[in-house]
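Below you'll find the structure, written out as structure tokens, and then a few comments.
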There are 2 protein chains.
Amino acid sequence: MSLKHALLGVLAARPMSGYELSQFFDSSTGWVWSATHSQIYPLLGKMQAEGIVECENVIRGIKLNRKIYSVTPSGMAELLDWVSTAHPPSGSRDPLLTQALLFDMIEPEVAALILQNYISEQEYIARESRSHSEKLAAKNTPLLRERLKNRPPADHDRIARLKAHVFEGQAMMADARVNWARAELNLLMPNDTNNAPLPTALAAGR
Amino acid sequence: MSLKHALLGVLAARPMSGYELSQFFDSSTGWVWSATHSQIYPLLGKMQAEGIVECENVIRGIKLNRKIYSVTPSGMAELLDWVSTAHPPSGSRDPLLTQALLFDMIEPEVAALILQNYISEQEYIARESRSHSEKLAAKNTPLLRERLKNRPPADHDRIARLKAHVFEGQAMMADARVNWARAELNLLMPNDTNNAPLPTALAAGR
DNA sequence: GTAGTCATGTAAACTGTTACATGATTAT
DNA sequence: ATAATCATGTAACAGTTTACATGACTAC
């Protein structure tokens, strides 16, 4: 169960409420794992019952109650064990490639619209991921600053570079999808010069 | 629900039993969508109840019964509608990137083993996908040959190129993951020349 | 005969999505 | 006052995995 370990991983940086955790995982930041609050709240309860997190109630204002969760020693052990283990690959499931496998059934113009929409989405993901990667490289995100407080200063650069590289990886995947989709557009509509850059040889010949 | 449409997509090439469909989706071929027989059999029943597939019993040997499913006109309409629609991106969930986000917590040697294992898996996927892509480009797979029987010969080349490009896309994604993982290895163990090729400038200087 | 493949299913457990539900606090 | 955000949950449904279960056919 990856969400459990993703939650532990964030809580290891600092104790947090379910609400705050939801914000990390609600795909806002271009996070590598997404989940909704309706998944997170019950799971935090289960994790508390398992003894891998503990919970402190903090009152805000007059009545509003926040539950601040933190990782227990046993939770830390579980997290380190998960991070140290090679997990078997899960079955691949790519909705767009599945759809593209049937693009020969429909009008190329319709397929082109779907691809252009997809390209926009992936370009957005690439931009967001790269932006977050740069912030991490500059040790300029709130969570990373918290994390580094418990680490020797000599390690800070290396840790920041490693975290940044994960989001660079997310950006690289989005780039790869964009490149594939552009090539697919060219295959679908070889004569439409507006869809994508021409092959260099052809463009040079003009 | 993508599996439903993936099944329709395969059945559109030719009528098939649940068993045969399972073989396509059991991740054997490096298929773009994976599913197990325990998912496929009940779903085929539901699809029949919906009227998007119909079923013919065929006896093999003396008793062994096969249920051969085929797409109904209403199923074909549903499939074309799905293929023609841009679907919203689903939340991203990358177990390895999530794990890599915490690699600074463990020994680099342990992380390196996990990455090397991952690289092997992705290289295997890339090889399989490329091999399947080449077979498709050569119109040399049983299913594609069936599919082309219902299509004008003038379109055969284009259809084959489109199908092949989807698997080339799958290979490109695997390549991107391998490239990322090699770079991650270099970040983790910058002095270990065995993990990955040296940057060209450095290698040339020897 | 016996091992491998063909062929079809069910059941339980787990994971994820969407909708419903409620109330407090803060800024305008 | 009222809208946005803070804060926590539940319920129903949809989708996936793993294990259980059965029996026929084929090649050795």
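Every chain is numbered from 1, with letters handed out A, B, ... down the list of sequences. Since the structure is predicted, the reported quantities are computational estimates derived from the model, not experimental observations.
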May I have the distance from Asp26(B) (atom CG) to dC6(C) (atom P), rounded to whole angstrom? 12 Å

Only one of Arg145(A), Glu134(A), Lys135(A) passes side-chain hydrogen bond (donor to acceptor under 3.5 Å, both in side chains) with Asn140(A), and that residue is Arg145(A)

Taking atom types as they are modelled, would you say the side chain of Ser38(B) forms a donor-acceptor pair with the base of dT18(D) within the 3.5 Å cutoff? yes

Taking only N and O in the side chain of Lys67(B), is any of them less than 4.0 Å away from OP1 or OP2 of dG9(C)? yes

Closest to the side chain of Ile62(B), out of dG9(D), dA19(D), dA24(D), is dA24(D)

Upstream residue (5' side of DNA chain C) when Arg60(B) and Arg93(B) are each assigned their closest nucleotide: Arg60(B)

Proximity to the side chain of Leu64(A) - top-ranked nucleotide from dA7(C), dA19(D), dA7(D): dA7(D)

Could you tell me the separation between the CD atom of Gln48(A) and the C1' atom of dT8(D), rounded to a whole number of Å? 14 Å

Do the ring planes of Trp82(A) and His5(A) sit parallel (below 30°), tilted (30 to 60°) or perpendicular (above 60°)? parallel

Quick test of your reading of the model: are Arg14(A) and Glu20(A) salt-bridged, counting only N-O distances below 4.0 Å? yes

Look at Tyr19(A) and dT8(D) and indicate whether a side-chain polar atom (N or O) is within less than 4.0 Å of OP1 or OP2. no

Is the shortest side-chain N to carboxylate O distance from Lys4(A) to Glu78(A) below 4.0 Å? yes

Compare side-chain N and O positions of Gln23(A) against OP1 and OP2 of dC6(D) and report whether any pair is under 4.0 Å apart. yes

Whole angstrom is fine here: how far is it from CE in Met1(B) over to P in dT15(C)? 21 Å

Tell me the interatomic distance from His37(B), atom NE2, to dA21(D), atom C1', rounded to whole angstroms. 10 Å

Which sits closer to the 5' end of DNA chain C, Gln39(B) or Ser90(B), going by the nucleotide each is nearest to? Gln39(B)

note: Leu43(A), atom CG; dT10(D), atom C1'; distance rounded to Å ~ 15 Å

Just how far, in rounded Å, is C1' of dC14(C) from NE2 of His5(A)? 14 Å

Name the residue from Arg158(A), Arg147(A), Arg151(A) that meets the salt bridge (Lys or Arg N to Asp or Glu O under 4.0 Å) definition with Asp104(B). Arg151(A)

Report yes if at least one side-chain N or O of Ser17(A) is closer than 4.0 Å to OP1 or OP2 of dT8(D); otherwise report no. yes

Side chain of Thr36(A): nearest nucleotide among dT17(C), dC6(D), dC6(C)? dT17(C)

Between CD1 of Ile40(A) and P of dA7(D) the distance, given in whole Å, is 14 Å

Tyr41(B) OH to dT16(D) C1': how many Å, rounded? 17 Å

